[in-house]
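Please read the structure below before turning to the comments.
FYI, the numbering just counts along the sequence from 1.
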Amino acid sequence: MKVAVLSLVAAVATLILGYTLSWTITPIVIGLTYAIAALGVSVMARAGQISFGHAMYSCISAYTVAFLARAMPGADALVLILAGVVASFLAAIVIGLFVVRYRGIFFGMLNLALSMVLFALLGKLYTLTGGSDGLRIVRPTMAGIVMERESFERALLVVTLVLSMVLAWWVQRYFRSGSGQALSAIKTNETRIEYLGFSAYFIMWKGYLLSAVVVGFSGAILALMQGLVTPEIGSWLRSGEFVFITILGGAGHAAGAFLGAVGFESVKLVSAAYFPGLWQFLLGLTLILVIFMFPTGFVGQIMKRIATQKRDRARAQARANATLQSRVPVRN
C-alpha cells in the first residue's frame, strides 16, 4: 500500500514538473520509456536470464508505429501504440518458441544475435525503412483530438505516466502470482520445477511474452515522442542500457526499473553536462559501485532495510509482551 501511495505521489510530482517546465517533458518521457523497457527485461531477470537483445522488441514496435502511421494517416496515437505492442507480442510468440530453450549466456547471446540481424536489415532495406536515416512520423491525433506539438507532448506525458503505473502494477502482480513464483524458481532449481509437474519451458515462454509486450510499449511511445524511428532503437547498445538500468534498480520489485532509470538518467545528464568526455566512464563507475555496494540494486537494498525494520519492530513487540506478561500476578 505504501508503494502504491509513493508511486502516485511521484507520478503527480512528475506531471506537475512537466506542465510547469515544458522543456522537461521530452527527457521525462524518454526516461520513462527506458524504465518501461527495463521493467520488461527485469521479468526475465527474475529467472536469472539476462537478454542482451530485448531492444529488438522496442524496435519492432516503433517501426510498426511508423509503418502504420504512413499507411493510415488518420490513425490515432493510442491505436498506433496498441498496434506496436501487438506486433511485439506476435514476434515474441515465434522467437520465444526456440529462444526460451536456452539458459545463461546462450539465452543472452541468442537474443543479441537476433537483434543484430534485425538492426542490419533495417539499415540495408533503405527503400522500405529509410536506412540509417529512419522514418519520420507525422504527429497523429490523440484520442481523436488534433493537437499542436506542446499539447501533444503533454498528453503523451499523461499517457506514459498512466501506462507506467499500470504496467508496473501488472508486472508486480505477475511476480506475486503462481507463474511469477515459478519463474523465480527456475533461477534456483529448474529440475525441481519439472519434478513438481510444471513445464519450465512453458513458464519461461509466458514470461518471455510478458517481457516483450512491456518492452513493446516503450518502443511505441518513444516513436511518437521523437517523431522519428531509426535502427538505433534496436541496437545492442540500447539493449545494454536496458540491462544497465535493470541491474542498477534491481529486479526484486517492479519499482526497481523506475529507480534504476532515475539513477541512469541523472548520472547521464549530469556527467554529460559537466564532464562531456567522461560520461560513459562515470556510468560504468556507477554500475561497478552499485554492484559492489548494493548487489541486489537500489530496490533490493530498500527491501532489505524494510525487512530489517519489520524484524526489529517484531522483536521489540515480543520483548514488550514478554515483559508485560511477567508483571501480571499469578492467581492460585
Side-chain angles (χ1 to χ4, degrees), residues 34-58 92 95-115 167-168 170-215 236 238-261 263-264 287-288 290-304 307:
Y34 274 75
I36 292 172
L39 182 64
V41 173
S42 68
V43 173
M44 299 312 299
R46 295 276 290 191
Q49 310 302 317
I50 298 295
S51 171
F52 295 102
H54 251 48
M56 66 177 162
Y57 293 112
S58 178
I95 296 174
L97 288 175
F98 63 92
V99 168
V100 297
R101 296 178 182 273
Y102 301 90
R103 301 289 183 270
I105 189 64
F106 302 103
F107 175 85
M109 296 306 292
L110 184 56
N111 279 282
L112 174 60
L114 291 171
S115 70
L167 291 173
W170 184 26
V171 170
Q172 186 60 28
R173 185 178 177 85
Y174 171 77
F175 286 164
R176 293 176 178 177
S177 67
S179 297
Q181 295 296 326
L183 186 69
S184 299
I186 291 177
K187 180 179 179 180
T188 55
N189 197 325
E190 183 174 342
T191 304
R192 184 176 295 177
I193 290 291
E194 296 285 352
Y195 276 125
L196 290 174
F198 297 98
S199 171
Y201 172 82
F202 185 62
I203 292 169
M204 281 283 293
W205 186 63
K206 288 196 299 182
Y208 192 83
L209 293 181
L210 173 60
S211 178
V213 166
V214 174
V215 176
W236 67 272
R238 188 64 59 87
S239 294
E241 288 176 339
F242 296 161
V243 173
F244 185 106
I245 294 172
T246 302
I247 296 174
L248 201 62
H253 193 282
F258 296 90
L259 292 176
F264 175 80
L287 183 60
I288 292 173
V290 169
I291 290 175
F292 276 102
M293 298 176 64
F294 315 114
T296 55
F298 294 149
V299 75
Q301 188 67 18
I302 293 172
M303 292 174 67
K304 183 179 178 180

When you compare the side chain of S58 with that of R238, does any pair of heavy atoms fall below 4.5 Å?
no
With sequence neighbours left out, what residues match F198 under ring-ring contact (aromatic ring centres under 6.0 Å, His included)?
none
d(Y57 OH, L209 CG) to nearest 0.5 Å is 8.5 Å
Shortest non-hydrogen pair, I193 vs A185, comes out as CD1-CB, 3.4 Å
Can you see which heavy atom on F175 is nearest to which on A254, and at what distance?
CE1-N, 4.2 Å
Parallel, tilted or perpendicular for F242 and Y34, by the 30°/60° rule?
perpendicular
For F106, does the CZ atom have more than 12 heavy-atom neighbours from other residues, nucleotides or ligands under 6.0 Å away?
no
Sidechain-backbone polar pair: Q49 side chain, G104 backbone, donor-acceptor under 3.5 Å
yes
In short, K206 meets S179 closest at the heavy-atom pair NZ-OG, 3.1 Å
Look up atom CG in L210 and atom CH2 in W170, then write down how far apart they are to the nearest 0.5 Å.
5.0 Å
Tell me the closest heavy-atom pair linking L183 and M204, and the distance in Å.
CD1-SD, 4.0 Å
Is the backbone N or O of G207 less than 3.5 Å from a side-chain atom of S211, with the two atoms forming a donor-acceptor pair by type?
no
Counting C-beta onward and ignoring hydrogens, is there a side-chain heavy-atom pair between I50 and I247 closer than 4.5 Å?
no
Separation of L112 CG from W236 CH2 (nearest 0.5 Å)
8.5 Å
Tell me which donor-acceptor pairs under 3.5 Å the side chains of residues 39-46 have, and how far apart each pair is, sequence neighbours excluded?
{"unit_1": "S42", "atom_1": "OG", "unit_2": "L39", "atom_2": "O", "d": "2.6"}
{"unit_1": "R46", "atom_1": "NE", "unit_2": "S184", "atom_2": "OG", "d": "3.4"}
{"unit_1": "R46", "atom_1": "NH1", "unit_2": "A251", "atom_2": "O", "d": "3.4"}
{"unit_1": "R46", "atom_1": "NH1", "unit_2": "G252", "atom_2": "O", "d": "3.3"}
{"unit_1": "R46", "atom_1": "NH2", "unit_2": "S184", "atom_2": "OG", "d": "3.4"}

Restricting to non-hydrogen atoms, name the atom on A257 and the atom on A35 that form the minimum distance, rounded to 0.1 Å.
CB-O, 3.4 Å
So CD1 of I186 and OH of Y201: to nearest 0.5 Å the spacing works out to 12.5 Å
Between Y174 and I203, the two heavy atoms sitting closest are OH-O, 4.3 Å
Sequence neighbours excluded, every pair satisfying side chain to side chain donor-acceptor pair (under 3.5 Å) that has a member inside residues 101-114
R103-E190, N111-Y208
